[in-house]
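Worksheet: one structure, shown below.
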Amino acid sequence: MAQFYDTMLAQYIKNPGQRWLWLDSIAEREFEYKMISFDQITAKKTLNFEEVDLPQAAIYSWEDVYMTHKLYQNQKQNPYITQELKTDWILKSIEFPLMKVLSKMEMTWIKIERDILKWLGMQLESAIKELEIEIFSLAWENFNINSPKQLGVILFEKMQLPVIKKTKTGYATDEDSLNELIPYHPLPALILEYRGIAKLKSTYIDNLFELINPITKRVHTTYNQAVTTTGRLSSSNPNLQNIPIRTELGKSIRGAFIPEEGYLLLSADYSQIELRILAHIARDTNLLDAFIHDIDVHSQTAARIYDCDMSMITQDMRRVAKVVNFGIIYGMSAYGLSQELKIPPKKAQEMIDKYFNTHSGVKAYINSTIEQATRDGFVTTLWGRKRYIPELKSGNKNIREFGQRAAINMPIQGSAADLIKSAMINISKQIDNKRVKLLLQVHDELVFEVKQDIIKETSNLVKECMENAAKFSVPLKVDINYSNNWGEI
DNA sequence: TGCTTCACG
DNA sequence: ACGTACGTGAAGCAA
């Protein structure tokens with residue numbers, strides 16, 4: 001088997017925070033060499049050979065080959081990549097093999113039922129029209145509802161509604177602000193409804209429609225392997241990692257994603273993966289206990305925060321605890337929690353104190369991570385993926401505190417990314433590519449297209465692979481679902 | 001191009 | 001006193 005190497009991925013692993021990973025930027029930075037750009041050799045940005053300056057084009061081609069090789073040599077001698085074994089390991093054991101998995105996923109594509117999408121689009125179109133009429137009559141004039149600027153004038157000047165908060169450029173009209181205005185006037189609620197529908201239509205129906213290949217009836221996404229600072233993938237054109245799911249209307253859009261005739265869509269998602277990883281890294285007694293004994297972790301956290309028995313926990317207490325658990329992973333402040341829960345900052349602070357009093361492992365993890373990150377200038381995942389955080393040394397308190405939150409989050413989010421990447425590589429080696437196709441990765445979820453008659457054994461294989469992708473001090477749990485569309489999964 | 005808003009994990 | 005939860009990508013507006 002031929003050796004694989006990719007200079008861009010190596011550069012990414014060396015420092016995922018670097019903004020420009022394209023060869024020309026790296027050549028300029030590392031070798032102080034300015035490469036000829038594509039635009040420079042083609043007058044009209046097309047590959048029309050009559051308009052190409054051939055001697056220039058020859059140099060252009062040579063540069064691509066030569067600079068790639070030069071960079072390769074440079075990386076091979078770089079003490080960073082040769083001496084730091086773990087970083088080298090990430091590259092060889094995760095990123096290079098993953099490259100082949102992703103390329104297969106990109107070439108497979110996912111099928112879309114055009115008629116469902118078209119029908120939904122028409123429904124939304126008429127809903128939007130009706131809302132427009134209602135909004136314009138309440139505002140006593142026609143205006144562009146999509147323009148935050150024009151909307152601000154209507155709400156805060158014409159209607160004299162109280163200004164909740166401001167942005168750099170004017171009045172804030174985001175969801176939170178509009179929600180607070182609901183008691184004063186019927187307009188804000190209608191605007192929110194309009195926005196929700198308009199957003200779904202333009203981003204997830206109109207755009208998606210244009211990206212369907214008329215012959216194959218499929219869309220293909222691009223997986224970006226070298227963009228995030230934590231090691232996650234991202235997806236674009238279209239972004240299939242943010243297809244709606246949280247509302248009924250959103251879910252109906254997922255219903256248009258269907259499998260090939262004779263196949264089913266199989267979805268496998270890690271349950272509470274980031275909290276499990278936190279339990280493992282922080283060795284927190286409470287979290288370990290919850291996952292080892294398969295106790296609902298949010299209810300358990302609620303019992304600690306409210307200092308009561310698990311049997312006393314209401315739905316609302318559990319909801320609050322869930323917000324706290326997420327907040328911990330993001331390094332939240334009392335203020336942030338108070339905003340999220342719409343409670344006074346003082347109450348939020350009490351809740352956080354209570355959490356840290358009962359979760360000393362998590363508290364110690366946060367403190368030691370910030371200390372280590374500030375000392376070393378970087379954090380790592382369990383697999384050794386690295387992220388530099390220069391913000392930690394900033395003289396600006398806000399920037400510094402942002403660095404601390406990023407330092408708390410990256411080892412958790414990044415380890416989850418490493419984990420699912422390993423699972424993807426493993427699964428790909430074990431499936432029959434004609435009958436089982438990996439289509440999507442959505443951070444903690446994998447979606448496959450599976451021939452109907454082997455759905456049971458494939459489910460088991462995928463579950464096994466994902467749950468055993470790492471040996472942690474807590475078990476990993478994967479939920480499996482399959483259906484004839486992505487909406488019912 | 002930058003900003004605002006909002007979809008997802 | 002100050003700003004305030006991590007990581008993304010896309011659409012639409014305004015300049």
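Naming: A, B, ... by sequence-line order, numbering from 1 per chain.
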Exercise. Could you please name the option among B:dG9, B:dC6, B:dT5 that lies closest to any side-chain atom of A:V442?
Key: B:dG9

Quiz item: Starting at CG of A:D176 and ending at P of B:dT5, how long is that distance when rounded to a whole Å?
Solution: 10 Å

Quiz item: At under 4.0 Å between heavy atoms, what does A:I412 touch on the DNA or RNA strands: base, sugar-phosphate, or nothing?
Solution: nothing

Quiz prompt | Residues in salt bridge (charged side-chain N to carboxylate O under 4.0 Å, His left out) contact with A:K34, at least two apart in sequence or another chain | solution = A:E28

Exercise. Could you give me the stems involving DNA chain C, meaning stretches of three or more consecutive Watson-Crick or G-U wobble pairs whose two defining distances are both below 3.5 Å?
Key: B:1-9 with C:6-14

Quiz item: First and last nucleotide of DNA chain C touching chain A, 5' to 3', heavy-atom cut-off 4.0 Å?
Solution: C:dC2 to C:dA15

Quiz item: Short question: side chain of A:R218, backbone of A:W109 - any donor-acceptor pair under 3.5 Å?
Solution: yes

Self-check item: Partners meeting salt bridge (charged side-chain N to carboxylate O under 4.0 Å, His left out) with A:R319 (sequence neighbours left out)
Solution: A:D316

Quiz item: Quick one: side chain to side chain donor-acceptor pair (under 3.5 Å) partners of A:E467, sequence neighbours excluded?
Solution: A:K463

Quiz item: Which of residues 333-371 of chain A have a heavy atom under 4.0 Å from DNA chain B?
Solution: none

Quiz item: B:dT4 C1' sits how many Å from A:I191 CD1, rounded?
Solution: 15 Å

Quiz item: Do A:F448 and A:Y482 make the cut of ring centroids closer than 6.0 angstrom?
Solution: no

Quiz item: With a 3.5 Å cut-off and just heavy-atom distances, do the side chain of A:K199 and the base of B:dC6 make a donor-acceptor pair?
Solution: yes

